[in-house]
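Before any comments, here is the structure.
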Amino acid sequence: MTDELGAALDESSSVPPFEQLKRRIVAGVRDGSLPVGMRLPPVRSLADALGLAANTVARAYRELEHEGVLETRGRAGTFVSAATDAERAGAEAAAVFADRAATLGLSASEALGLVRAALESRLP
């Protein structure tokens, strides 16, 4: 994740850095390297990695959130948003399940096994 976003931006480009970052994030979402639900680096961490001001990264995140590409979940961070209402609802349900699985002390493998069994019994 940080590899895709943390590579240096083109300083000689006439495209402003926040716009270059926006394009990089959108490209990652499109090609699947930044899948739905993936948590992006915090603004300050990414700004440090790119050698940018935190406000530049914050602007890119804010504009992408307004466009529906990203969503901010308070202190939990910034995540790649689901593209459709069904995907959004599914991502929310998955997040609730993941929180509950963690509370119950399940491993990722155990939780995924439960999800797989539930899906296989309900979906074609």
Side-chain angles (χ1 to χ4, degrees):
M1 164 183 52
T2 306
D3 293 342
E4 294 90 6
L5 299 177
L9 298 176
D10 183 358
E11 294 178 21
S12 65
S13 174
S14 62
V15 178
F18 82 92
E19 185 65 33
Q20 289 183 53
L21 180 57
K22 282 178 56 178
R23 291 176 184 178
R24 185 176 289 175
I25 291 170
V26 169
V29 170
R30 284 190 183 137
D31 72 17
S33 62
L34 298 175
V36 169
M38 175 180 262
R39 184 175 186 266
L40 297 182
V43 167
R44 288 186 183 149
S45 298
L46 186 55
D48 288 346
L50 294 172
L52 298 172
N55 286 338
T56 301
V57 175
R59 179 177 178 184
Y61 278 15
R62 196 171 42 251
E63 289 188 13
L64 288 170
E65 183 174 13
H66 180 74
E67 294 168 14
V69 175
L70 301 179
E71 61 184 65
T72 300
R73 300 179 193 160
R75 292 184 159 270
T78 302
F79 297 80
V80 175
S81 182
T84 66
D85 287 340
E87 288 173 333
R88 224 176 255 115
E92 288 173 16
V96 169
F97 175 76
D99 290 342
R100 182 72 174 136
T103 299
L104 294 170
L106 297 173
S107 70
S109 176
E110 291 168 326
L112 289 171
L114 293 171
V115 169
R116 188 173 295 107
L119 289 171
E120 288 172 354
S121 71
R122 290 172 177 83
L123 298 177

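Below, all heavy atoms of this structure are taken into account, side chains as well, without hydrogens, waters or symmetry copies. Note that the coordinates shown come from a computational prediction; the quantities given were computed from them, not determined experimentally. Residue numbers count from 1 along this sequence.
For residues 46-63, every residue pair satisfying the salt bridge (Lys or Arg N to Asp or Glu O under 4.0 Å) rule, not counting sequence neighbours, is listed here: Lys22-Glu63, Arg59-Glu63.
Across every non-hydrogen atom of Ala101 and Ala111, the tightest pair is CB-CB, 4.0 Å. Smallest separation of non-hydrogen atoms from Glu110 and Gly105: OE1-O, 4.3 Å. Scanning all heavy atoms of the two residues, the minimum distance from Pro17 to Thr56 falls at CB-CG2, 4.0 Å.
For Glu19 (side chain) and Pro16 (main-chain N/O), no donor-acceptor pair under 3.5 Å exists by modelled atom type.
Under a hydrophobic-cluster definition in which Ile, Leu, Val, Met, Phe, Trp and Tyr are linked whenever side-chain heavy atoms come within less than 4.5 Å, directly or via other members, Phe97 and Met38 are assigned to different clusters. Grouping the Ile, Leu, Val, Met, Phe, Trp and Tyr side chains by contacts below 4.5 angstrom, directly or via other members, places Leu34 apart from Phe79. Follow the hydrophobic side-chain contacts under 4.5 Å out from Leu70 and you reach Val29 in the same cluster. Neither Leu112 nor Leu119 shares a network with the other; the hydrophobic side chains, linked directly or stepwise wherever heavy atoms of I, L, V, M, F, W or Y lie under 4.5 Å apart, form separate groups for each. Follow the hydrophobic side-chain contacts under 4.5 Å out from Val26 and you reach Leu21 in the same cluster.
Every residue two or more places apart in sequence or in another chain that forms a salt bridge (Lys or Arg N to Asp or Glu O under 4.0 Å) with Arg73 is listed here: Glu71.
Using a 4.5 Å cut-off on side-chain heavy atoms (C-beta onward), Leu50 and Arg24 make contact. Side-chain contact between Tyr61 and Ile25: present, with at least one pair of heavy atoms (C-beta onward) separated by less than 4.5 Å. Side-chain contact between Leu40 and Leu46: absent, with no pair of heavy atoms (C-beta onward) separated by less than 4.5 Å. Between Leu9 and Leu52, some side-chain heavy-atom pair lies under the 4.5 Å cut-off. With a 4.5 Å cut-off on side-chain heavy atoms, Val15 and Asp10 do not count as touching.
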